[in-house]
Asker: 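The structure that follows is given in the form of structure tokens.
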Amino acid sequence: MKIKGKLFVYDPVLTEGEKQTLIQLGCTLITSNEEGKRKVQEKTLFYMPHCPKPLYSNVLWANWCPSDLSQIIILGNSFANYQDRLIERNPEKLKYDYVDKITPYVEEHKLGQYIYLYVDVFNVTSLHIINMLIPSTDQLMMTIFEQHDEPPPFSAGSDSESI
């Protein structure tokens, strides 16, 4: 497998056989659960299909400045779909909702409708490119960076769509 750059992999349900295969393919396994709080050093694709919303928020939180966010591409659930389903905006939970905060600055390309045979499988999969090329003098955009509270620990058994 020829991929330019490094490939890091974490999935809590990988079997030993899958781990060995990934290592043989040149991947580096992340050995501890970082809860998605991985800081980027360069252009990075996060492949996160069907992940709970708090994991996306954690990736964004860990990189919560314009220069780092512009290095991130996320392949995962539609951020716009989360916005459409947000019925009640709980202020306490929204302070940790980095998906909600960044969505206006995301270029979202919906993929599910084009690449899957069945409409109910991966139907909300999107490629998210964060556009932080807005001048830093844009005061409305810059206000989203004033608050940077760390999200609480994530538990897979918790209400994963609650933020």
Side-chain angles (χ1 to χ4, degrees), residues 1-14 18 22 25 27 30 33-90 93-135 138 140-145 147-148 151 154-163:
M1 177 165 56
K2 295 283 185 190
I3 294 179
K4 194 175 187 178
K6 299 175 186 167
L7 208 71
F8 294 90
V9 178
Y10 179 78
D11 191 326
V13 297
L14 288 174
E18 290 168 329
L22 288 167
L25 291 172
C27 299
I30 299 171
N33 185 350
E34 299 174 345
E35 297 181 337
K37 297 175 182 175
R38 177 159 280 256
K39 183 118 172 85
V40 300
Q41 305 298 319
E42 57 193 329
K43 192 63 110 176
T44 303
L45 171 67
F46 286 87
Y47 178 70
M48 303 174 68
H50 289 303
C51 286
K53 187 178 179 187
L55 284 178
Y56 299 110
S57 275
N58 287 354
V59 167
L60 297 168
W61 170 83
N63 298 284
W64 199 244
C65 71
S67 60
D68 290 344
L69 288 170
S70 65
Q71 297 292 317
I72 292 175
I73 298 171
I74 297 176
L75 181 60
N77 296 345
S78 167
F79 289 4
N81 194 41
Y82 283 129
Q83 293 295 104
D84 292 344
R85 294 187 332 209
L86 192 60
I87 298 168
E88 181 182 321
R89 294 182 176 264
N90 178 331
K93 289 182 180 179
L94 280 177
K95 78 179 185 180
Y96 304 115
D97 189 348
Y98 292 90
V99 171
D100 184 63
K101 293 175 185 179
I102 204 66
T103 297
Y105 307 101
V106 172
E107 182 182 320
E108 182 169 327
H109 303 274
K110 296 184 184 232
L111 304 176
Q113 62 200 22
Y114 302 112
I115 59 176
Y116 299 104
L117 177 61
Y118 302 102
V119 295
D120 59 341
V121 178
F122 293 101
N123 60 328
V124 294
T125 302
S126 293
L127 187 67
H128 304 87
I129 300 167
I130 301 169
N131 182 4
M132 299 302 340
L133 298 177
I134 299 165
D138 182 336
L140 180 62
M141 188 272 292
M142 293 311 290
T143 60
I144 70 169
F145 296 104
Q147 183 178 0
H148 188 230
F154 173 72
S155 168
S158 68
D159 181 8
S160 62
E161 303 300 324
S162 64
I163 61 170

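Note that the structure is a prediction, hence the values are computed from the model and not measured. Residue numbers start at 1 and run along the sequence shown.
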Asker: Determine, stepwise, if the pair Asp100 / Tyr82 fulfils side chain to side chain contact (heavy atoms under 4.5 Å, CB included).
Answerer: CA-CA 8 Å; Asp100 184 63; Tyr82 283 129; over 6 Å; no
Asker: Should the pair Lys53 and Tyr56 be classed as cation-pi, given the thresholds of under 6.0 Å to the six-membered ring centre and 45° from the axis?
Answerer: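 Verdict for Tyr56: no cation-pi partner in Lys53.
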Asker: Hey, could you give me the CD/NZ distance between Glu34 and Lys39, rounded to the nearest 0.5 Å?
Answerer: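 If we round to the nearest 0.5 Å, Glu34:CD and Lys39:NZ are 13.0 Å apart.
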Asker: Between His128 and Val106, is there a donor-acceptor pair closer than 3.5 Å when you use the side chain of the first and the backbone of the second?
Answerer: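 A pair under 3.5 Å: no.
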Asker: Within this structure, what is the CD-CD1 distance for the pair Glu107 and Ile129, rounded to the nearest 0.5 Å?
Answerer: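 Between Glu107 CD and Ile129 CD1, I get 4.5 Å after rounding to 0.5 Å.
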Asker: Quick one: does any side-chain atom of Ser57 pair with a main-chain N or O of Tyr98 as donor and acceptor, under 3.5 Å?
Answerer: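 Confirmed, Ser57 side chain pairs with Tyr98 backbone.
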Asker: Once rounded to the nearest 0.5 Å, what's the spacing between atom NZ of Lys6 and atom SG of Cys27?
Answerer: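 Answer for the NZ-SG pair, Lys6 versus Cys27, is 13.5 Å.
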Asker: Does a side-chain heavy-atom distance below 4.5 Å link Tyr10 with Arg38?
Answerer: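 Tyr10 does not reach Arg38 side chain to side chain.
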Asker: Among Asn63, Thr44, Ile130, find the residue that satisfies the side-chain contact (heavy atoms from CB on, under 4.5 Å) test when tested with Asp68.
Answerer: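 Filter result, single survivor: Asn63.
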Asker: Which heavy atom in Leu111 sits nearest to a heavy atom in Leu75, and how many Å separate them?
Answerer: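 Nearest heavy atoms, Leu111 then Leu75: CD1-CD1, 3.3 Å.
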Asker: Is the closest side-chain heavy-atom distance between Leu25 and Leu7 below 4.5 Å?
Answerer: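 They are not in side-chain contact.
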Asker: List the atom of Pro49, the atom of Asn77, and the distance in Å for their closest heavy-atom pair.
Answerer: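 Closest approach of Pro49 to Asn77, heavy atoms only: C-OD1, 4.4 Å.
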Asker: Give a yes or no on whether the backbone of Ala80 and the side-chain of Glu108 come within a donor-acceptor separation of less than 3.5 Å.
Answerer: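 Present.
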Asker: If I compare all heavy atoms of Thr103 with all of Val99, which pair ends up nearest, and what's the gap?
Answerer: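 Heavy atoms only, the tightest pair is OG1-O, 2.5 Å.
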Asker: Are any non-hydrogen side-chain atoms of Ile102 and Trp64 less than 4.5 angstrom apart?
Answerer: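 Yes, at least one pair of side-chain atoms sits under 4.5 Å.
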Asker: Can you measure from OG1 (Thr125) to NZ (Lys110) and round to the nearest 0.5 angstrom?
Answerer: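 Nearest 0.5 Å value for the OG1-NZ distance: 10.5 Å.
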Asker: Starting from the C-alpha separation in whole Å, work towards a yes-or-no answer on side chain to side chain contact (heavy atoms under 4.5 Å, CB included) for Tyr105 and Leu69.
Answerer: CA-CA 10 Å; Tyr105 307 101; Leu69 288 170; over 6 Å; no
